[in-house]
Amino acid sequence: MSAGVHIIAAPGDIPAPHIEYGQLAPMLIVFGVAVLGVLVEALAGRPWRYRIQVPLAFAGLLAAFVWTIVLAWRHEPFHVAAMGALGVDGPTLFLQGTILVLALVSLLLIAERSAAHFTAQASALPGSEAEQQSMSAGITQTEIFPLMMFAVGGMLMFPASNDLLTMFVALEVLSLPLYLLCGLARRRRLLSQEAAVKYFLLGAFSSAFFLYGAALLYGYAGSVRLSDISAQAGQGAGGETLLLAGIALLSVGLLFKLGAVPFHMWKPDVYQGAPTPITALMASCTLVSAFGALLRVYYVGFETLRWDWRPAMWGVAIITMVVGAVVAITQTDIKRMLAYSSIAHAGFLLTGVVATSRQGLSGTLFYLAAYGFTTIGAFAVVTMVRDAGGEAAHLSRWAGLGRRSPVIAGVFAFFLLAMAGIPLTSGFTGKFAVFSAAVDGGATPLVVVGVLASAIAAFFYVRVIVVMFFSDPEADGPSVVVSPATATAVALGLTVTVVLGVLPQPVLDLAGTAASQMFVR
Amino acid sequence: MTGQEIVFTLLGVVAVGSAVMVVTTRQLVHAALWLVVSFGALAGGYLVLTAEFVAWVQVLIYVGAVVVLLLFGIMLTRAPIGPVPRSGEDDPLDSGNRWAALAVAVATAAVLITVLVMGFRDSRIRLEAGGGGAEPLGGSLFRTWVLPFEVLSVLLLAALVGAIVLSRTDIGAEDDEPGTDIPARTGGPAPDGGARVGGAKTGAGTDTGGRTGSGGSKGGGAKVDHSAEIAGAETDVKGGDGKAGAAEGSRGGADGARGREEGGG
């Protein structure tokens, strides 16, 4: 017991942790704004809440973005911050900047008021008297703004986490608000709530896998820090069983978040059921964040083991691309189709991860930014095409949209072509970047499968275009409701898709510079 | 075998045995109480491994809070408290999936045990008193792990906000509209307002039609205006189909909400 007596210390004896507030500022700003948003909910009167929340959220995201740019501009020696919990480096700053910009564009959709996407009162049973009352009272649930900011804060933290414990906390912080937001759709509420419950249950399972993997890796390396795990694995210390089982379980948790194929079952249901602005947020920001975390884990933690995990990643990438592209063909719901397209894109992105090179990293970063804008734009268009019961979800309702409103149909067609990877769109540049990196990394067969899957995917993208432009419009077809915020989001998505297709070099250079130092360890 | 190992093994036997009782007993309250024994044995195991702080946290949180929560859950959901008689096919405590569940549980346990045995077969940990005390834990929690620790509080806040959003039903009853009693007004004026919007819609046929109509509606009060706005938004998207819009509007709020649900589904 002598040790026990010995360690009783005087108060104030614990050395204070060293936190680099300046380097963590983007994340801290977003969390701070989220907490402020909660206070607004508590203190401001109902008519004021929306008017305060929206500018607050915009200001917070914008300030965080500006700060990220300043951090990247100053080129400080990149290092590990907050007692080793977070890595601040080129790829992370690029990812965080991308997430913040995409979150700003998603916020345009979420804040859209003329076409309300969110339920008036989440607690009222669908179809009940209470629901009707709250609807007619004109209530809007403004808690979505702080919840969204919490999620974005978690997304910023996820790819920056330098140890598995921080990464798990970030994973939960980003997931929990998303589970909630998924269930808050205004129309088709049962579908929305079903999506939220499915996402929650499956997400809880994947979190358990992640945690178990982290525990096994801790058992192997004696530390949850990625650099320590990498160092231990490099020495070949300890038993391989723990290491490989840990990697496998951890990968299940990470691949679930990106919706890679054996773990993709949630994606179509959740993307379909969630309010479309939240779907846009998940399809862009969450994907970027999850890929950032995956890249960091594989490029830092398991770098020395690449011969062990690469074959498995090959398999996952191949089935993700093929299943995503093939199953998308059979979809008749536009949001489900975009969900499967997102699965296929996760497969294309995984080829960049398999490359395990600087080039692969920069290609993946570019692809993430390009795809994020395209997919937000596409979902924004989906929110504009409306029926009596809300969005015109079924593909047959889109028939003849090209004659009814050629501009919107043309823009949507352009987004679809960008996703298919037609030259002069950002999708082509992105695919070219990851595929060429994968070829250089010795993964040519994977690239062949990727190109074939792209061809299959192009089929269902073109099918939608054909339905829109070459079939006769229905008499009571959906109408296009254009509202300023949504139109801005579409315009931003369109601009970036065009610019990154025609003049990709500046952003490619930026991604290359960001990736030049790789991840800090 | 040292005394420590014997105690640890016995605690393990108690933990596993009581865990089996949790899932096999026919009385729900007994199951919760067996859980106390299982958690308590686990806490004893932590104590033997010198993780005294973790042991007390286990007692406080799992034995103290989680089991009490379970008991409250049993109480508030009016679950059967007495012994449940076996009743063949539709036994309330049994599920047709129990063999599948058993297989999954056994398989999971087998995998975990195999991995742990293969991973740690030869490793020995030298235990030192105080290694798992409050001080070293607190030191690492507030130094090395301070950022995840603080972010966890953010997570709890988000969960709290979410729970309120999902469960509170009296939101919006007071606040900015004092004196407007929502339940009292749902019956009469809402269908009226809805009908008026339908008319306005046929006339204007634009996106703002619904709102213009609601602005012009007289004497309905704030509540009717809002209902008109919503109904208007609903009918607007029909895209110039005035008849359908009027029909839907006249159906009124309650039916309208249901109709939307069906139309959407």
Side-chain angles (χ1 to χ4, degrees), chain A residues 1 3-4 7 9 14-15 17 31 35 38 45-47 82-86 121-124 126-127 129-139 141 143 146-147 150 153 157 165-166 169 172-173 176-177 180 187-189 191 216 219 239 241-242 245 386-390 476 478-479 481, chain B residues 115 118-120 128-130 133 135-136 138-139 142-148 151-152 154-155 157-159 161-162 164-169 171-172 175-177 182-183 186 190 207 223 225-227 229-230 233-241 244 248 253-254 257-258 260-261 263-265:
Chain A
M1 276 310 284
I7 55 171
I14 295 178
F31 279 134
V35 173
V38 175
R46 186 167 295 279
M83 305 301 293
L86 297 179
Q121 195 176 7
S123 52
E129 191 90 329
E131 181 193 39
Q132 196 263 317
Q133 284 168 19
S134 55
M135 281 249 225
S136 49
I139 302 172
Q141 203 122 39
E143 288 89 348
L147 284 176
F150 281 128
M157 197 172 154
L165 204 61
T166 312
V169 172
E172 290 305 299
V173 173
L176 193 86
L180 283 160
R187 299 183 180 79
R188 304 173 83 178
R189 286 190 59 201
L191 196 70
L216 290 184
T241 322
L242 280 181
R386 303 180 75 81
D387 249 338
D476 60 339
S479 60
V481 182
Chain B
V115 168
M118 286 176 76
F120 294 108
E128 285 172 28
E135 169 138 10
F142 289 103
R143 232 185 105 69
T144 319
W145 304 110
V146 66
L147 188 91
V151 175
L152 268 182
V154 171
L155 175 67
L157 182 62
V161 173
I164 292 171
V165 168
L166 287 185
S167 62
R168 251 191 73 177
T169 50
I171 299 178
D175 268 22
D176 50 306
E177 292 175 279
I182 287 169
T186 41
D207 186 32
K223 153 76 173 25
D225 282 359
H226 286 308
S227 113
E229 185 177 325
I230 289 160
E234 281 311 315
T235 50
D236 281 347
V237 292
K238 289 255 169 186
D241 191 356
E248 192 180 37
R258 213 150 295 140
R260 260 196 308 284
E261 198 65 37

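Just so it is clear: chains get the letters A, B, ... in the order the sequence lines come, proteins before strands, and each one is counted from 1.
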- Message: Could you measure the distance from the CZ atom of B:Phe120 to the OG1 atom of A:Thr241? Nearest 0.5 Å is fine.
- Response: 10.5 Å
- By side-chain contact (heavy atoms from CB on, under 4.5 Å) - contacts of B:Leu157 (at least two apart): A:Val35, A:Val38, A:Phe150
- Message: So which atom in A:Thr166 and which in B:Pro148 form the shortest heavy-atom distance, rounded to 0.1 Å?
- Response: OG1-CG, 3.5 Å
- Query: For the residue pair B:Arg143 and A:Met83, what are the closest heavy atoms and their distance?
  - Reply: O-CG, 3.1 Å
- Side-chain contact, heavy-atom cut-off 4.5 Å: A:Met157 with B:Leu147? yes
- Message: Using every non-hydrogen atom in the two residues, find where A:Leu180 and B:Gly162 come nearest and quote the distance to one decimal.
- Response: CD1-CA, 3.3 Å
- Task: Please flag which part of B:Val115 lies under 4.5 Å from any non-hydrogen atom of chain A: side chain, backbone, both or neither.
- Result: both
- For residues A:Leu147 and B:Ala158, report the shortest heavy-atom separation together with the two atoms involved. CD2-O, 3.9 Å
